[in-house]
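The figures that follow rest on heavy atoms only: side chains count, while hydrogens, waters and symmetry mates do not.
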Amino acid sequence: MAGLETTGSNPDVGLLYDINGLTATAPDWVDRVVTVAGEYGLILALVLLTVWTWWRVRRTDCREEAAGAVAAVVWAPLAAGIALLVNIPIRGFVGRPSPAEQHRGIEELVAVRGDFSFVSDHATLAMALAVGLFIAHRRAGLAGIALAVLLGFSRVYLGVHYPTDVIGGLALGTAVALLLSPLASALLTPLTKLIARSAKVGRLVWSPKGTRDEAGSVEEEWEQEQGRERQEDGVRQESGAVGVSRRRDRDLAA
């Protein structure tokens with residue numbers, strides 16, 4: 001398929017020139033900062049935000065709530081990976097060359113790999129990760145969305161994408177993260193609940209709030225929880241045995 005419109009009358013192209021044209025007057029250190037941020041820095045910030053979100057959502061007194069939230073955090077990077085896979089045929093189908101290949105005067109601050117421009121992989125990955133985090137933790141998700149938008153702007157500033165490449169990436173990442181979230185939750189939540197019940201690795205999913213003095217150690221929390229479960233199992237077994245014994249007595253009396 002032919003690439004999207006690239007004529008100078010296209011507002012998309014005009015906005016590209018406006019944003020990329022900022023490099024002509026910006027100090028060199030600004031270009032270096034935007035280059036690092038647009039290539040790796042903002043993605044790294046999103047990864048660190050994901051780790052922080054996981055650490056935060058597992059700190060709750062409710063094990064079921066923690067399991068559901070951690071499942072959502074796990075979904076965030078999975079959504080980013082799936083969104084990138086979905087983008088592969090889209091890029092090939094649209095076949096849009098990079099801006100520097102189509103327009104004179106575009107300052108390309110980073111070298112592109114020679115692949116197609118629409119949709120932006122960086123914007124797709126960042127937004128899918130951010131929306132996944134939003135499902136797990138609202139404030140972390142909003143921060144992630146802001147980072148994703150900033151990343152998209154940096155890609156246009158660097159001259160490697162049109163604004164619509166970024167908008168398409170943000171939309172694709174959002175769609176994948178939201179539309180597949182119910183299925184992901186149905187598959188991941190039972191797994192996180194199972195992990196949460198483990199005394200060895202359960203703290204990866206659930207770590208009760210409180211200091212050692214206030215709420216006891218984490219190990220004590222696990223022991224108390226498991227003790228309650230064993231007690232409940234014992235009561236159920238005892239009730240079943242009593243019921244069988246009573247039926248046997250009635251049968252003998254008859």
Side-chain angles (χ1 to χ4, degrees), residues 1-49 79-80 83-134 141-177:
M1 179 179 178
L4 301 180
E5 183 184 355
T6 57
T7 63
S9 60
N10 185 351
D12 188 27
V13 177
L15 189 57
L16 165 68
Y17 274 110
D18 290 339
I19 297 175
N20 181 252
L22 297 174
T23 60
T25 56
D28 291 341
W29 67 267
V30 172
D31 291 346
R32 290 194 294 269
V33 169
V34 176
T35 298
V36 173
E39 284 286 273
Y40 312 106
L42 292 171
I43 294 295
L44 177 59
L46 281 166
V47 171
L48 294 177
L49 182 62
L84 289 178
L85 292 177
V86 172
N87 191 29
I88 293 175
I90 295 177
R91 291 170 72 101
F93 179 73
V94 175
R96 188 184 202 183
S98 64
E101 296 179 26
Q102 296 290 316
H103 306 286
R104 295 179 179 178
I106 296 297
E107 183 69 23
E108 196 174 65
L109 298 184
V110 295
V112 296
R113 298 186 303 272
D115 54 2
F116 297 121
S117 177
F118 185 91
V119 177
S120 168
D121 277 338
H122 281 72
T124 300
L125 182 150
M127 198 60 169
L129 193 57
V131 173
L133 292 181
F134 183 81
L142 290 175
I145 291 172
L147 290 174
V149 172
L150 186 60
L151 175 61
F153 178 85
S154 72
R155 302 302 289 175
V156 181
Y157 181 93
L158 295 175
V160 295
H161 283 293
Y162 295 91
T164 49
D165 298 339
V166 170
I167 294 172
L170 298 178
L172 177 59
T174 300
V176 170

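Looking at every heavy atom in both residues, Gly38 comes nearest to Ser154 through CA-OG, 3.3 Å. Minimum interatomic distance between Ala128 and Ala80 (heavy atoms only, all atoms of both residues): CB-CA, 3.6 Å. The minimum heavy-atom distance between Ala177 and Gly132, with the atom names listed, is CB-N, 4.1 Å. Across all non-hydrogen atoms, the minimal contact from Ile145 to Met127 is CG2-CE, 3.8 Å. Taking each heavy atom of Gly173 and Ala83 in turn, the nearest pair found is CA-CB, 4.4 Å. Nearest approach of Gln102 to Pro97, heavy atoms of both residues: NE2-CG, 3.2 Å.
The side-chain hydrogen bond (donor to acceptor under 3.5 Å, both in side chains) analysis of residues 25-41, with sequence neighbours excluded, yields the pairs Asp31-Tyr157, Glu39-Arg155. Applying the salt bridge (charged side-chain N to carboxylate O under 4.0 Å, His left out) test to residues at least two apart or on different chains, none of the pairs has a partner in residues 40-49.
A search for side chain to side chain contact (heavy atoms under 4.5 Å, CB included) contacts involving Ile88 returns Leu85, not counting sequence neighbours. Under the rule for a side chain to side chain donor-acceptor pair (under 3.5 Å), the partners of Ser117 that lie at least two apart in sequence or sit in another chain are His161, Asp165. The side chain to side chain contact (heavy atoms under 4.5 Å, CB included) test applied to Ala123 returns Ser120, Val166, Leu170, not counting sequence neighbours. Among residues two or more places apart in sequence or in another chain, the side chain to side chain donor-acceptor pair (under 3.5 Å) test is passed with Ser98 by Glu101. Looking at residues two or more places apart in sequence or on another chain, you find a side chain to side chain donor-acceptor pair (under 3.5 Å) between Asn87 and Asp121.
In this structure, Leu172 CG and Ile90 CD1 are separated by 5.0 Å, a value rounded to the nearest 0.5 Å. Leu109 CG to Leu158 CG: the interatomic distance, rounded to the nearest 0.5 Å, is 5.5 Å. Here the straight-line distance linking atom CD1 of Ile106 with atom OH of Tyr162 works out to 7.5 Å at 0.5 Å rounding. Atom CG of Leu147 and atom CG of Leu142 lie 11.0 Å apart (nearest 0.5 Å). Rounded to the nearest 0.5 Å, atoms CG (Leu133) and CG (Leu46) are 7.5 Å apart. Separating the CG atom in Leu22 from the OH atom in Tyr17 is a distance of 14.5 Å, to the nearest 0.5 Å.
A donor-acceptor pair under 3.5 Å is formed between the side chain of Arg91 and the backbone N or O of Val119.
Two residues are said to be in side-chain contact when any heavy atoms from C-beta on lie closer than 4.5 Å; Asn20 and Val156 fail this criterion.
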